[in-house]
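Some notes on the structure that comes next.
No experiment lies behind these values; they were computed from the predicted model shown.
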2 protein chains.
Amino acid sequence: MTALELAQCQLGSQIQLARGEHLFQMGAEADGELYFVRSGHLKIYQPCDDGVQRIIDFTRPGDWLGVDTIGEQYRHASAHALTDCQVDVVQYRHLAELMDEEPYSCDLFSAMLSREIDRQQLAAAILRSAGACQRIVMFLLQRAGPAPQAPMLETHAPLPMSRQDISDYLGLTPATVSRTLSSLKRNGWISLGQRGFVVQSRPALERLAAGAPLAIAPQAA
Amino acid sequence: MTALELAQCQLGSQIQLARGEHLFQMGAEADGELYFVRSGHLKIYQPCDDGVQRIIDFTRPGDWLGVDTIGEQYRHASAHALTDCQVDVVQYRHLAELMDEEPYSCDLFSAMLSREIDRQQLAAAILRSAGACQRIVMFLLQRAGPAPQAPMLETHAPLPMSRQDISDYLGLTPATVSRTLSSLKRNGWISLGQRGFVVQSRPALERLAAGAPLAIAPQAA
DNA sequence: CGGGCCCTTGATATGAGTCAAGGGTGGTGG
DNA sequence: CCACCACCCTTGACTCATATCAAGGGCCCG
């Protein structure tokens, strides 16, 4: 991964995206371009026929984009900036050349694609088996990242997408997402800010993610 | 793809699996082995804690297995033969060497992984947005493959997995799957055999897959 | 021929969706 | 700088699809 980062340091040009701009649109020429997100958040979605959009994924800094379109001519989805973003553009052709020269870069790239497959399989598994509350809590824990060193000090995690986007991504409705978040807040597990949240009891959330039921509105912890 | 097939022709050893055998188990050493299914059907699943198993995927002849574990030490899932199978074993290391020598083989491999990512994204999108009937019909259409040349001649498609497996894969219950299949049969869209089915009205199924509602038990076509 | 397992089917329960109204927040224009 | 407006978020009541529970039947295997 380090090598890959270095790779795109040298090979890629950089673009700035303002909130609301598109990195690419579904159906556009892919041109063998991959993207590496340096900062900011994007959503990947397919504009569905009836105006509704199907959210495929949200990116975080350090993610790659466009890896589902290697060897394909046209983009399968659109990428929309939820915040201002810095994105590196990397030609797949350049990576391929690098892979010819550097012996291990090919392994790194394959491993990256492989991890992406695994990530998608995990997401699908969650959609198959988990209920609304479980999905939402898992989503929050993913966004919050790994537990901080000092257990008392929980960090503020950004949540730059709309409830509609979240619900679409999780296969739910905005109403259900809102209700569940409110419940979590009422119980004191999390607190909600404008465009972010804070985990206040990671153990409780992990219990919920593991399948524990969520009481509707009791005060107890 | 042709090149990849050729590749594993020369590089891989072949194994025979009898129905019920495992190709590999979750947690086993991956050893950088990939698999190419020549014939037969397998299911990929994760043995969940409570004995229930989470179906990740079903393979068909021509599919690759283990591509989610490149660069990982241990398997993330188990592969179980639903029928007798012929599987080619390919060392990732050998593929990597091939990629160093043959200029385009690297592109083919990347494209294969990329398609796999896309496949998983599509599966997740279906789980997010489609109801029970839609999921089942899409599943059947996938299994049936592309429409045959002679529209009248619909072929018999195998369905070697149990209802439990299907329902788990689609995020439903065996009861719902059974009910829906019965409805489809009653309406004359499909016919069901022991371990397979026949599409009798592909247009009707495609309407359903596109979102048309399924009447409960009318006789009309 | 007998037994177990899976599939089918019915009745009922429940989680999530739908519809709808009210409130907060951010953005825009005066 | 303030006020208005639009959009999104929240919350409630109700509906509906799908899960659950349970019983009966058929197929395959021993």
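- Judged purely by atom type and a 3.5 angstrom limit, Gln134(B) uses its side chain to pair as donor or acceptor with the backbone of Ala209(B).
- Between the CE atom of Met161(B) and the P atom of dC7(C) there is a distance of 11 Å, rounded to whole Å.
- Phosphate contact (OP1/OP2 of dG17(C), side-chain N/O of Thr176(A), threshold under 4.0 Å): present.
- Contact check for Leu208(A) versus Trp189(A): side-chain heavy atoms found under the 4.5 Å cut-off.
- Atom CG in Leu159(B) sits about 16 Å away from atom P in dC6(C), given to the nearest Å.
- Residue contacts shown for Ser182(B) are limited to sugar-phosphate atoms, with no base heavy atom under 4.0 Å away.
- Counting only heavy atoms from C-beta outward, the side chains of Leu23(B) and Val87(B) approach each other to under 4.5 Å.
- Atom-to-atom, CZ of Arg195(B) to C1' of dC5(C) comes out at 12 Å; the value is rounded to the nearest Å.
- Contacts of Leu172(A) with the nucleic acid, taken as non-hydrogen atoms under 4.0 Å apart, involve only primed sugar atoms and P, OP1 or OP2.
- Summarising the geometry, the separation between NZ on Lys185(B) and P on dC7(C) is reported as 13 Å, rounded to the nearest angstrom.
- Counting to the nearest Å, the C1' atom of dC5(C) and the CD atom of Gln194(B) are 16 Å from each other.
- Judged by distance alone, with hydrogens and angles left aside, the side-chain atoms of Ser167(A) form no donor-acceptor pair with the main-chain N or O of Val177(A) at under 3.5 Å.
- Computed from coordinates, the Asp165(B) CG to dC6(C) P distance equals 10 Å when rounded to whole Å.
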Walk me through whether Asp84(B) and Arg19(B) qualify under salt bridge (charged side-chain N to carboxylate O under 4.0 Å, His left out). CA-CA 5 Å; Asp84(B) 296 353; Arg19(B) 182 159 83 97; 5.9 Å; no
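- Listed by chain and number, the residues in a side chain to side chain donor-acceptor pair (under 3.5 Å) with His156(B) amount to none (sequence neighbours excluded).
- Looking at Arg179(B), its side chain comes within 3.5 Å of the base of dG10(C) through a donor and an acceptor atom.
- Note that the two end axes of the helix from dC1(C)-dG30(D) to dG30(C)-dC1(D) enclose an angle of 50°, each drawn from 5 base pairs, rounded to 10 degrees.
- In terms of modelled atom types and a separation under 3.5 Å, the side chain of Ser78(A) and the main chain of Met26(A) share a donor-acceptor contact.
- Arg163(A) has its CZ atom 19 Å from the P atom of dT18(C), to the nearest Å.
- Chain A approaches DNA chain D over the interval dC9(D) to dA13(D), counting the first and last nucleotide 5' to 3' with an atom under 4.0 Å from its heavy atoms.
- The ring of Tyr169(B) has its center closer than 6.0 angstrom to the ring center of Phe139(B).
- A donor-acceptor contact shorter than 3.5 Å is absent between the side chain of Arg75(B) and the backbone of Gly27(B).
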